[in-house]
Amino acid sequence: MKLATWNVNSLNVRLPRVLDWLAANAPDVVCLQETKLEDAKFPRSELEGAGYASAYSGQKTYNGVAILSRSGCVVSDVETGLAGFDDDQRRAIAATVDGVRVVCAYVPNGQSVDSDKYAYKLRWCEAATRALEAELARHPELAFCGDLNIAPEARDVHDPAAWEGQVLCSPPEREAFARWIALGLKDSFRLFDQPPKTYSWWDYRMLAFPKNHGLRIDHILVSEALAARCRGCTIDRNQRKGEKPSDHAPVVAEFAF
DNA sequence: ATGGCAATGTTTCATTGA
């Protein structure tokens, strides 16, 4: 099984690139974030034509998440939002695909550590912890994927000194990430030797991509049962190149089944 | 020199992202 996560920064704009990427990479499951589309406008039929079924929860302008699965996969128990957390923003969707529980999240950005949005981010992360705990109790094979908007360690940041204490890197955010790890989840990227300075997001400004001024904030966290079957995790930085790229690159994990 | 890009709707600017 090949599982991917990709913040596409508008599925409307990115659909041609997404379709090309699906054809070239043939993933089994793809978690999308920032679709920025109301459900009525989701390109379900275009994706069906490319061989993928869609589960989605979106809104206009902001947020929006989806789980694509290759035609023929058995999909069940689609749930939107975080259990027990009342939220106007469409940031979470889960589905069971061929027996693997896939939780797709677009964690709030937080804007800056002194903002209301940061407090909302921390509350959201805590609700995610509780929801994941309940999911793990029911589903031993679970993947928590998405734009988690947290760079967990200094090596996930191009300039750790400049980012120290800033949003995406602050201790409370990293503690939230550590609580997901404490549930038994593993960062699939770190299960393997990786090239240094590998990131998943680069600012559109300041020539950040050519200078590789990035952050690793998109993640595939896997339960212990899935980690045992994980055979690799890579970031497809080529998708940050060319015409109209998202500012995020896809993260791809492969499993031995 | 402290900006700079991209997408969206409130559209010819303001807001948000990270």
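Just so we're on the same page: letters track the sequence lines, and every chain starts at 1. Keep in mind it's a predicted model, so treat the numbers as computed, not measured.
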Nearest-Å distance for atom pair [atom1]/[atom2], residues [X] and [N]:
X      : N      : atom1 : atom2 : value
A:R174 : B:dA18 : CZ    : C1'   : 14 Å
A:Q59  : B:dG17 : CD    : P     : 11 Å
A:Q33  : B:dG17 : CD    : P     : 15 Å
A:Y106 : B:dT16 : OH    : P     : 12 Å
A:H158 : B:dA18 : NE2   : C1'   : 10 Å

List the atom pairs, donor and acceptor, that lie under 3.5 Å between side-chain atoms in residues 36-48 of chain A and the rest of the protein, sequence neighbours left out.
| unit_1 | atom_1 | unit_2 | atom_2 | d |
| --- | --- | --- | --- | --- |
| A:K36 | NZ | A:N9 | OD1 | 2.9 |
| A:D39 | OD1 | A:G58 | N | 2.8 |
| A:R44 | NE | A:Y56 | OH | 3.1 |

Could you tell me how far [M] sits from [N] if I compare only their [atom1] atoms? Round to whole Å.
N      : M      : atom1 : value
B:dG4  : B:dG17 : C1'   : 15 Å
B:dT16 : B:dT11 : P     : 16 Å
B:dA7  : B:dT12 : C1'   : 15 Å
B:dA18 : B:dA6  : P     : 16 Å
B:dG3  : B:dT8  : C1'   : 22 Å

Categorize [X] for me: base, sugar-phosphate, or nothing, with a 4.0 angstrom heavy-atom threshold over every strand shown.
X      : result
A:N63  : nothing
A:E34  : sugar-phosphate
A:L207 : nothing
A:F209 : nothing

Partners meeting salt bridge (Lys or Arg N to Asp or Glu O under 4.0 Å) with A:E79 (sequence neighbours left out)
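Checked A:E79 against salt bridge (Lys or Arg N to Asp or Glu O under 4.0 Å); matches are A:R101.
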
Return no unless some side-chain N or O of A:K117 is found under 4.0 Å from OP1 or OP2 of B:dA18.
no

Below 4.0 angstrom from OP1 or OP2 of B:dA18, is there any side-chain N or O of A:H213?
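It does not, given that no N or O in the side chain of A:H213 lies less than 4.0 Å from OP1 or OP2 of B:dA18.
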
Suppose the criterion is salt bridge (Lys or Arg N to Asp or Glu O under 4.0 Å): which pairs have a residue in residues 50-59 of chain A, not counting sequence neighbours?
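Applying salt bridge (Lys or Arg N to Asp or Glu O under 4.0 Å) to every pair that reaches into residues 50-59 of chain A, excluding sequence neighbours, yields nothing.
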
Under 6.0 Å from the six-membered ring centre of A:Y106 and within 45° of its axis: does the NZ or CZ of A:R91 meet both?
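Yes, A:R91 and A:Y106 form such a contact.
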
Establish, yes or no, whether a centroid distance under 6.0 Å links the rings of A:H219 and A:F177.
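Under 6.0 Å, so yes.
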
Taking ring-ring contact (aromatic ring centres under 6.0 Å, His included) as the definition, give me every residue that meets it alongside A:H213, ordered by chain and number, with sequence neighbours left out.
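Counting only residues at least two positions away or on another chain, A:H213 forms a ring-ring contact (aromatic ring centres under 6.0 Å, His included) with A:H158.
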
In the 5'-to-3' direction, what one-character label does each nucleotide of nucleotides 4-13 of chain B receive under the scheme B = base within less than 4.0 Å of a protein heavy atom, S = sugar-phosphate only, - = no such atom?
BBSSSSB---

Give every donor-acceptor pair under 3.5 Å between a side-chain atom in residues 125-134 of chain A and any protein atom, sequence neighbours left out.
| unit_1 | atom_1 | unit_2 | atom_2 | d |
| --- | --- | --- | --- | --- |
| A:T129 | OG1 | A:C125 | O | 2.9 |
| A:T129 | OG1 | A:W180 | NE1 | 3.1 |

